[in-house]
2 protein chains.
Amino acid sequence: MSDKLTLGVAARLSTYLRILIQSRKQGIESISSQEISEHANVNPTQVRRDLSSFGKFGKRGVGYRVEYLIAQIQDILHSGGTHNIALVGAGHLGSAIAASSIFQDHGFRIAALFDSDPARIGQTAGDLAVEDSATIAARCRDLGVILGVLAVPPASAQGAADQLVDGGVKILFNYTETLLSLPDDVTVHTINPAEEMLYALYFHLT
Amino acid sequence: MSDKLTLGVAARLSTYLRILIQSRKQGIESISSQEISEHANVNPTQVRRDLSSFGKFGKRGVGYRVEYLIAQIQDILHSGGTHNIALVGAGHLGSAIAASSIFQDHGFRIAALFDSDPARIGQTAGDLAVEDSATIAARCRDLGVILGVLAVPPASAQGAADQLVDGGVKILFNYTETLLSLPDDVTVHTINPAEEMLYALYFHLT
DNA sequence: TAGATTGTTAATCGATTAACAATC
DNA sequence: TAGATTGTTAATCGATTAACAATC
């Protein structure tokens, strides 16, 4: 077992991987540290240093092969396989997430989609049938899902989170405006563009 | 003019501010560095150090007043006012964004919503009328918008981005799976939960 | 007073980046 | 060869955190 990466390195490698996967989708076969760095908003030396600490992945004077570098980074991050996720909420946001290819492109598969509205249960969104929120815990346990996405109204967020945790989910992505209270062994990642906007605006204005 | 914050400090202050604003919304009036740190996934000493470098905002043995701390951080980040944003795309994702209070809570106001589908133009989403995408550049210039959000299909992303930049937009939030090519003075922030999932999963599995 | 929590120090550790030789 | 870009060094700089006195 190799040493655990630092937070910074793992975060940047994830960003490089996203850029490489998007590049591949657009038909790009070769890329330089300079090009990666522009999309990732980091220093080009940083990119080369991050990569070269794991091996010599590029060719001097040429750059990196996109396909090969994707495989190498997936190896470092142990992210080559497919991971099941549970999505709660089949409203506008949930439907947009279900229909997007963002998750598939990175090896994530939406294994189940839930909603509490009887009018939505049984309908389909993307390729998925909407299931009753009352079955979240049981279904997650059956499917062995450890990743959950919350795309519900704020008032339902804590309840949905509790059910996911009941079902064995350990990592939550929270798209709502609600602060969640959860056990210590569960990690919550909040998706809130306003937070990043504040930060972006600060650097733009100073 | 005070010194510019480092990237790390500005990013963390933005996170603290989000947590404080969400706490206030839930009626919480006082909060400790320990509680902030749990929601922000950082060390409690880090929180106190980040704050205390700008002043003595807390009370020993008690904690921080939520309302007061919000005002202080907004002061540091120059983010107290209202900022107009342009949203492109009135599909599921755009509608979800328009209907959410995430932006309003942080002082962002969606000043205009655009779509290229004739069937959607003139309809309303949230409180907004959907305007024709052909008018993006002109409307953004009129409104003085510098912040744009892309919630369009991947194939339309580059075109919509170009029009926003034409209209004077300097900061773009890209919800699509498309890598954008833009002038150097424009900053792109990509919202891609899959990237953060890879990273979260790595730390969960190791 | 007793308990809690801040503000600050001091020490360590990792991140960052300019510069350039290596090499495709 | 000439041009481009990687891999790596070396130096600096900032981030991190345990520990604790101050104080509410």
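Owing to the predicted nature of the structure, the values given are computational and were not obtained by experimental measurement. Letters A, B, ... mirror the listed sequences (proteins, then strands); counts begin at 1.
Annotation: salt bridge (Lys or Arg N to Asp or Glu O under 4.0 Å) contacts of A:D185 (sequence neighbours excluded): A:K170.
Distances shorter than 4.0 Å separate none of the side-chain N or O atoms of A:S52 from OP1 or OP2 on D:dT6. Look at B:K56 and you won't find any side-chain N or O under 4.0 angstrom from OP1 or OP2 of D:dA22. Contact check, B:S33 against C:dT6: a side-chain N or O comes under 4.0 Å of OP1 or OP2. Within the structure, every side-chain polar atom (N or O) of B:R65 is placed at least 4.0 Å from both OP1 and OP2 of D:dC24.
Of the candidates D:dC20, D:dA10, D:dG7, D:dA10 carries the atom nearest the A:R49 side chain, counting heavy atoms from C-beta on. Between C:dG14, D:dG7, D:dA15, one nucleotide has an atom nearer to the side chain of B:V9 than all others, and that is D:dA15. Comparing atom distances between the A:R60 side chain and each of D:dA15, C:dT23, C:dT17 picks out C:dT23 as nearest.
Rounded to whole Å, the distance from CD on B:Q34 to P on D:dA19 is 16 Å. Atoms CD (B:Q46) and P (D:dA19) sit 17 Å apart, rounded to a whole Å. Whole-Å rounding puts the A:F54 CZ to D:dT6 C1' distance at 17 Å. For A:N43 and C:dA15, the CG to C1' distance is 11 Å, given to the nearest whole Å. We find that CZ of A:R48 is positioned 12 Å from C1' of C:dA21, with the value rounded to whole Å. In this entry the distance linking CZ of B:F57 with P of D:dC24 reads 17 Å, nearest Å. In this structure, B:N41 places its CG atom 13 Å from P of D:dT16, rounding to the nearest Å. Across the protein-nucleic acid pair, A:Y64 atom OH and D:dT5 atom P stand 12 Å apart, rounded to whole Å.
Side-chain contact check for A:R109 and A:N84: at least one donor-acceptor pair (N or O, by modelled atom type) lies under 3.5 Å. For A:E35 and A:S32, the side-chain atoms include at least one donor-acceptor pair closer than 3.5 Å.
Results of the side chain to side chain contact (heavy atoms under 4.5 Å, CB included) test with A:S79 over A:D75, A:I76, A:L77 single out A:L77 as the only residue that passes. Among A:L172, A:N174, A:I171, the one residue that satisfies the side chain to side chain contact (heavy atoms under 4.5 Å, CB included) test with A:H189 is A:I171.
Side-chain contact between A:L150 and A:Y175 is absent, with no heavy atoms from C-beta onward closer than 4.5 Å.
Here the two rings, on A:Y199 and A:F203, have centers that are under 6.0 Å apart.
Nucleic acid contact class of A:T45 (heavy atoms, under 4.0 Å, all strands): base.
Nearest-nucleotide positions on DNA chain C place B:S32 closer to the 5' end than the other of B:S32 and A:G8.
Rounded to 10°, the helix from C:dG3-D:dC24 to C:dC24-D:dG3 has 40° between the axis fitted to its first five pairs and the one fitted to its last five.
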